[in-house]
Amino acid sequence: MSDLQSHLADWQQDLQGKPAEVIVEWAITTFGYAITFATSLGAEDQVLTDMIAKASRKLGKTMPIFTLDTGRLFQESYQLLEDTQAKYGLDIQIMFPQREAVETMVAKEGINLFRKSVELRRKCCGIRKIEPLKRALQSKDAWMVGLRRDQSVTRTDLSVVEWDEGNGMVKVSPLHDWSHEQIWDYIKAQNVPYNPLHDQGFLSIGCASCTRAVKPGEDIRAGRWWWEEPEKKECGLHFKDGKLVRANQS
Ligand code: SF4
(Lines give C-alpha, C1' and ligand atoms only; values in the text may rest on other atoms or scores of the structure.)
Protein backbone atom coordinates (compact mmCIF):
# COMPACT_ATOMS: atom_id res chain seq x y z
CA MET A 1 0.00 0.00 0.00
CA SER A 2 1.36 3.43 -0.93
CA ASP A 3 1.71 6.28 1.53
CA LEU A 4 -1.18 8.06 -0.20
CA GLN A 5 -3.47 5.04 0.10
CA SER A 6 -2.83 4.87 3.82
CA HIS A 7 -4.46 8.32 4.20
CA LEU A 8 -7.62 7.50 2.23
CA ALA A 9 -9.83 6.34 5.10
CA ASP A 10 -9.02 9.44 7.18
CA TRP A 11 -9.60 11.74 4.22
CA GLN A 12 -12.91 10.09 3.41
CA GLN A 13 -14.06 10.49 7.00
CA ASP A 14 -12.92 14.12 7.22
CA LEU A 15 -14.48 15.15 3.91
CA GLN A 16 -17.75 13.23 4.11
CA GLY A 17 -20.66 15.67 3.91
CA LYS A 18 -18.41 18.72 3.44
CA PRO A 19 -19.42 21.35 0.85
CA ALA A 20 -17.74 20.98 -2.54
CA GLU A 21 -16.00 24.36 -2.12
CA VAL A 22 -14.33 23.07 1.06
CA ILE A 23 -13.23 19.89 -0.71
CA VAL A 24 -11.68 21.95 -3.53
CA GLU A 25 -9.79 24.10 -1.02
CA TRP A 26 -8.65 20.96 0.80
CA ALA A 27 -7.37 19.47 -2.46
CA ILE A 28 -5.34 22.58 -3.32
CA THR A 29 -3.92 22.81 0.20
CA THR A 30 -3.16 19.11 0.52
CA PHE A 31 -1.71 18.38 -2.92
CA GLY A 32 -0.71 21.72 -4.50
CA TYR A 33 0.88 21.06 -7.88
CA ALA A 34 0.79 17.32 -7.27
CA ILE A 35 -2.92 17.35 -8.16
CA THR A 36 -4.41 18.27 -11.52
CA PHE A 37 -7.97 18.94 -12.61
CA ALA A 38 -9.15 17.24 -15.81
CA THR A 39 -11.89 19.40 -17.31
CA SER A 40 -14.08 18.25 -20.17
CA LEU A 41 -15.77 21.68 -20.14
CA GLY A 42 -19.03 19.92 -19.25
CA ALA A 43 -21.47 21.49 -16.77
CA GLU A 44 -19.97 19.76 -13.72
CA ASP A 45 -16.44 20.65 -14.72
CA GLN A 46 -17.39 24.28 -15.27
CA VAL A 47 -18.71 24.35 -11.70
CA LEU A 48 -15.39 22.98 -10.46
CA THR A 49 -13.42 25.48 -12.56
CA ASP A 50 -15.40 28.29 -10.93
CA MET A 51 -14.71 26.84 -7.48
CA ILE A 52 -10.99 26.37 -8.22
CA ALA A 53 -10.69 29.98 -9.44
CA LYS A 54 -12.37 31.28 -6.28
CA ALA A 55 -10.35 29.00 -4.00
CA SER A 56 -7.14 30.07 -5.74
CA ARG A 57 -7.88 33.74 -5.11
CA LYS A 58 -8.68 32.99 -1.46
CA LEU A 59 -5.67 30.75 -0.79
CA GLY A 60 -3.13 32.50 -3.01
CA LYS A 61 -2.28 29.21 -4.72
CA THR A 62 -3.96 27.01 -7.29
CA MET A 63 -3.90 23.61 -8.99
CA PRO A 64 -2.99 22.83 -12.62
CA ILE A 65 -5.93 22.33 -15.02
CA PHE A 66 -5.91 20.55 -18.35
CA THR A 67 -8.39 19.54 -21.03
CA LEU A 68 -8.20 17.05 -23.87
CA ASP A 69 -8.61 18.21 -27.46
CA THR A 70 -9.46 15.08 -29.41
CA GLY A 71 -9.60 16.99 -32.68
CA ARG A 72 -13.30 16.12 -32.99
CA LEU A 73 -14.88 18.60 -30.57
CA PHE A 74 -17.77 20.97 -31.25
CA GLN A 75 -16.93 24.57 -32.17
CA GLU A 76 -19.07 25.56 -29.18
CA SER A 77 -16.69 23.65 -26.89
CA TYR A 78 -13.64 25.44 -28.29
CA GLN A 79 -15.36 28.80 -27.80
CA LEU A 80 -16.29 27.83 -24.24
CA LEU A 81 -12.64 27.00 -23.56
CA GLU A 82 -11.59 30.48 -24.70
CA ASP A 83 -14.40 32.16 -22.75
CA THR A 84 -13.52 30.22 -19.59
CA GLN A 85 -9.83 31.07 -19.80
CA ALA A 86 -10.70 34.74 -20.33
CA LYS A 87 -13.23 34.93 -17.48
CA TYR A 88 -11.09 33.26 -14.85
CA GLY A 89 -7.61 34.11 -16.12
CA LEU A 90 -6.70 30.45 -15.80
CA ASP A 91 -3.97 28.73 -17.75
CA ILE A 92 -5.77 25.59 -18.97
CA GLN A 93 -3.29 23.22 -20.61
CA ILE A 94 -4.61 21.64 -23.82
CA MET A 95 -3.48 18.06 -24.38
CA PHE A 96 -3.49 16.69 -27.94
CA PRO A 97 -3.24 13.09 -29.20
CA GLN A 98 -0.04 11.81 -30.77
CA ARG A 99 -0.17 12.83 -34.43
CA GLU A 100 1.39 9.62 -35.82
CA ALA A 101 -0.96 7.40 -33.82
CA VAL A 102 -4.03 9.25 -35.15
CA GLU A 103 -2.74 9.16 -38.72
CA THR A 104 -1.99 5.43 -38.57
CA MET A 105 -5.38 4.63 -36.99
CA VAL A 106 -7.34 6.67 -39.53
CA ALA A 107 -5.35 5.26 -42.48
CA LYS A 108 -6.08 1.70 -41.34
CA GLU A 109 -9.61 1.91 -39.94
CA GLY A 110 -11.18 5.00 -41.52
CA ILE A 111 -12.00 8.46 -40.18
CA ASN A 112 -15.30 7.32 -38.57
CA LEU A 113 -14.02 3.98 -37.25
CA PHE A 114 -15.97 4.38 -33.98
CA ARG A 115 -19.21 3.52 -35.77
CA LYS A 116 -17.92 0.14 -36.96
CA SER A 117 -17.56 -1.69 -33.61
CA VAL A 118 -17.20 -1.15 -29.85
CA GLU A 119 -13.57 -2.24 -30.14
CA LEU A 120 -12.77 0.38 -32.76
CA ARG A 121 -14.64 3.04 -30.79
CA ARG A 122 -12.50 2.20 -27.77
CA LYS A 123 -9.40 2.30 -29.94
CA CYS A 124 -10.31 5.81 -31.10
CA CYS A 125 -10.97 6.93 -27.52
CA GLY A 126 -7.74 5.26 -26.45
CA ILE A 127 -5.65 7.22 -28.92
CA ARG A 128 -7.52 10.52 -28.84
CA LYS A 129 -8.30 10.63 -25.11
CA ILE A 130 -6.75 8.00 -22.85
CA GLU A 131 -3.15 8.30 -24.01
CA PRO A 132 -3.13 12.14 -23.70
CA LEU A 133 -4.89 11.79 -20.34
CA LYS A 134 -2.21 9.43 -19.04
CA ARG A 135 0.48 11.83 -20.23
CA ALA A 136 -1.25 14.68 -18.37
CA LEU A 137 -1.43 12.59 -15.19
CA GLN A 138 2.20 11.48 -15.27
CA SER A 139 4.06 12.22 -12.03
CA LYS A 140 0.90 13.45 -10.26
CA ASP A 141 -0.28 12.12 -6.90
CA ALA A 142 -3.95 12.96 -7.48
CA TRP A 143 -6.49 14.24 -9.96
CA MET A 144 -9.80 15.99 -9.58
CA VAL A 145 -12.85 15.07 -11.64
CA GLY A 146 -16.45 16.27 -11.99
CA LEU A 147 -18.08 12.86 -11.60
CA ARG A 148 -21.46 12.47 -9.86
CA ARG A 149 -23.00 9.28 -8.52
CA ASP A 150 -26.25 9.55 -10.46
CA GLN A 151 -24.59 10.03 -13.86
CA SER A 152 -24.28 6.36 -14.67
CA VAL A 153 -24.94 2.84 -13.43
CA THR A 154 -21.16 2.46 -13.14
CA ARG A 155 -20.80 5.35 -10.66
CA THR A 156 -23.33 4.63 -7.91
CA ASP A 157 -20.64 3.86 -5.29
CA LEU A 158 -18.42 6.85 -6.11
CA SER A 159 -16.67 8.36 -3.03
CA VAL A 160 -15.43 11.88 -2.46
CA VAL A 161 -11.86 10.54 -2.36
CA GLU A 162 -10.84 7.13 -3.64
CA TRP A 163 -7.90 5.23 -5.05
CA ASP A 164 -7.76 5.18 -8.85
CA GLU A 165 -6.19 1.80 -9.48
CA GLY A 166 -5.68 2.24 -13.22
CA ASN A 167 -3.81 5.50 -12.86
CA GLY A 168 -2.15 4.70 -9.51
CA MET A 169 -3.26 7.91 -7.82
CA VAL A 170 -5.90 9.53 -5.64
CA LYS A 171 -9.12 10.63 -7.36
CA VAL A 172 -11.04 13.51 -5.81
CA SER A 173 -14.71 14.05 -6.75
CA PRO A 174 -16.04 17.14 -4.93
CA LEU A 175 -19.42 16.85 -6.71
CA HIS A 176 -19.89 13.13 -6.06
CA ASP A 177 -23.19 13.66 -4.18
CA TRP A 178 -24.57 16.57 -6.24
CA SER A 179 -27.70 16.25 -8.35
CA HIS A 180 -28.16 17.49 -11.90
CA GLU A 181 -30.40 20.25 -10.53
CA GLN A 182 -27.76 21.42 -8.04
CA ILE A 183 -25.23 21.76 -10.85
CA TRP A 184 -27.54 24.02 -12.87
CA ASP A 185 -28.62 26.04 -9.84
CA TYR A 186 -24.94 26.79 -9.16
CA ILE A 187 -24.22 27.67 -12.80
CA LYS A 188 -27.10 30.16 -12.93
CA ALA A 189 -26.49 31.64 -9.47
CA GLN A 190 -22.74 32.11 -10.00
CA ASN A 191 -22.98 33.10 -13.68
CA VAL A 192 -20.66 30.28 -14.74
CA PRO A 193 -20.00 30.07 -18.51
CA TYR A 194 -21.43 26.89 -20.02
CA ASN A 195 -21.72 25.20 -23.38
CA PRO A 196 -24.77 26.59 -25.28
CA LEU A 197 -25.38 23.09 -26.64
CA HIS A 198 -26.80 22.24 -23.20
CA ASP A 199 -29.74 24.55 -24.04
CA GLN A 200 -30.38 22.49 -27.19
CA GLY A 201 -30.84 19.16 -25.41
CA PHE A 202 -27.20 18.09 -25.16
CA LEU A 203 -26.74 16.85 -21.60
CA SER A 204 -23.30 15.23 -21.83
CA ILE A 205 -21.02 16.77 -24.46
CA GLY A 206 -17.96 15.06 -25.92
CA CYS A 207 -16.78 14.68 -29.51
CA ALA A 208 -19.19 16.08 -32.10
CA SER A 209 -19.19 12.79 -33.99
CA CYS A 210 -20.25 10.80 -30.92
CA THR A 211 -22.66 13.18 -29.15
CA ARG A 212 -26.30 14.02 -29.83
CA ALA A 213 -29.15 15.81 -28.07
CA VAL A 214 -31.50 13.70 -25.94
CA LYS A 215 -35.27 13.88 -25.60
CA PRO A 216 -36.92 15.03 -22.34
CA GLY A 217 -36.87 12.14 -19.83
CA GLU A 218 -34.12 10.21 -21.61
CA ASP A 219 -31.09 9.09 -19.59
CA ILE A 220 -28.25 11.62 -19.36
CA ARG A 221 -25.90 9.23 -21.18
CA ALA A 222 -28.34 8.46 -24.02
CA GLY A 223 -26.68 11.16 -26.10
CA ARG A 224 -23.28 9.48 -26.13
CA TRP A 225 -22.45 6.46 -28.35
CA TRP A 226 -26.18 5.91 -28.72
CA TRP A 227 -25.58 2.98 -31.07
CA GLU A 228 -24.02 0.94 -28.20
CA GLU A 229 -25.51 -0.84 -25.17
CA PRO A 230 -25.58 1.30 -21.95
CA GLU A 231 -23.12 -0.80 -19.96
CA LYS A 232 -20.45 -0.34 -22.65
CA LYS A 233 -20.65 3.45 -22.69
CA GLU A 234 -17.52 4.36 -20.82
CA CYS A 235 -13.99 5.10 -21.88
CA GLY A 236 -11.25 3.70 -19.70
CA LEU A 237 -10.58 6.95 -17.86
CA HIS A 238 -11.41 5.42 -14.47
CA PHE A 239 -10.57 2.12 -12.82
CA LYS A 240 -11.63 0.56 -9.55
CA ASP A 241 -10.26 -2.58 -7.91
CA GLY A 242 -8.27 -3.15 -11.07
CA LYS A 243 -11.40 -3.22 -13.22
CA LEU A 244 -12.46 -0.83 -15.91
CA VAL A 245 -15.51 1.00 -14.63
CA ARG A 246 -15.71 3.69 -17.24
CA ALA A 247 -14.69 3.08 -20.81
CA ASN A 248 -15.22 6.28 -22.83
CA GLN A 249 -16.10 9.90 -22.16
CA SER A 250 -14.54 13.30 -22.71
FE1 SF4 B 1 -13.19 8.97 -31.06
FE2 SF4 B 1 -15.82 9.29 -30.60
FE3 SF4 B 1 -14.12 8.59 -28.60
FE4 SF4 B 1 -14.11 11.05 -29.66
S5 SF4 B 1 -15.78 10.09 -28.46
S6 SF4 B 1 -12.33 9.85 -29.17
S7 SF4 B 1 -14.46 10.61 -31.87
S8 SF4 B 1 -14.68 7.39 -30.43
Side-chain angles (χ1 to χ4, degrees), residues 36-46 65-82 84 92-138 143 145-148 151-155 164 166-167 194-198 200-214 218-239 243-250:
T36 184
F37 170 46
T39 176
S40 68
L41 306 169
E44 288 80 6
D45 291 345
Q46 290 299 101
I65 305 177
F66 73 92
T67 192
L68 306 176
D69 182 357
T70 63
R72 307 282 305 229
L73 302 181
F74 289 95
Q75 173 54 27
E76 288 85 346
S77 301
Y78 291 115
Q79 188 59 50
L80 177 61
L81 176 57
E82 286 221 324
T84 302
I92 301 176
Q93 184 185 11
I94 304 172
M95 300 294 297
F96 295 94
Q98 303 277 11
R99 177 182 60 79
E100 283 186 11
V102 174
E103 287 181 358
T104 303
M105 173 181 72
V106 168
K108 184 165 178 232
E109 310 292 357
I111 193 75
N112 286 336
L113 69 161
F114 39 80
R115 296 302 293 264
K116 295 177 183 171
S117 69
V118 171
E119 287 66 34
L120 286 176
R121 193 270 290 165
R122 287 184 176 160
K123 178 173 185 169
C124 185
C125 284
I127 287 175
R128 291 185 186 273
K129 293 196 285 198
I130 297 171
E131 188 281 328
L133 172 81
K134 290 200 174 289
R135 250 188 297 132
L137 296 181
Q138 262 173 13
W143 64 318
V145 293
L147 298 179
R148 292 186 297 105
Q151 280 171 321
S152 159
V153 291
T154 60
R155 297 176 193 167
D164 181 341
N167 292 306
Y194 66 91
N195 197 319
L197 291 174
H198 287 306
Q200 299 169 35
F202 289 79
L203 296 182
S204 169
I205 301 169
C207 293
S209 44
C210 299
T211 306
R212 68 174 182 179
V214 300
E218 263 190 309
D219 185 83
I220 194 168
R221 308 280 298 171
R224 304 290 293 278
W225 311 292
W226 56 93
W227 58 90
E228 294 180 3
E229 295 166 32
E231 64 272 17
K232 292 178 179 167
K233 290 187 183 184
E234 297 284 352
C235 76
L237 302 186
H238 299 277
F239 294 76
K243 293 177 192 152
L244 200 65
V245 295
R246 185 186 186 206
N248 243 342
Q249 178 186 336
S250 58

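Both counts, for ligands and for their atoms, begin at 1 and track the order of listing. Given the structure is predicted, the values throughout are model-derived calculations rather than measurements. Sequence positions, counted from 1, serve as the residue numbers for this chain.
Remark: Glu103 CD is packed, more than 12 non-hydrogen atoms of other residues, nucleotides or ligands lying under 6.0 Å away.
Under 4.0 Å from ligand 1, heavy atoms of Cys125 appear from its side chain as well as its backbone. Contact annotation: for Cys124 versus ligand 1, heavy atoms closer than 4.0 Å belong to both the backbone and the side chain. With a heavy-atom cut-off of 4.0 Å, Lys129 touches ligand 1 through its side chain alone. When heavy-atom distances to ligand 1 are checked against a 4.0 Å cut-off, Arg121 comes that close through both its backbone and its side chain.
To the nearest 0.5 angstrom, Leu73 atom CG is 10.0 Å from Ser40 atom OG.
Residues Met95 and Phe66 come closest through the heavy atom pair CG-CD1, 3.9 Å.
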Carefully, step by step, assess Glu131 and Arg135 under the rule salt bridge (Lys or Arg N to Asp or Glu O under 4.0 Å).
CA-CA 6 Å; Glu131 188 281 328; Arg135 250 188 297 132; 2.9 Å; yes
Side chain to side chain donor-acceptor pair (under 3.5 Å) evaluation trace for Ser209 with Asn112
CA-CA 8 Å; Ser209 44; Asn112 286 336; 5.5 Å; no
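At least one N, O or S atom of Cys210 sits under 2.8 Å from atom 2 (Fe) of ligand 1.
Here is the list of ligand 1 atoms found below 4.0 Å of a heavy atom in Ser209: 7 (S).
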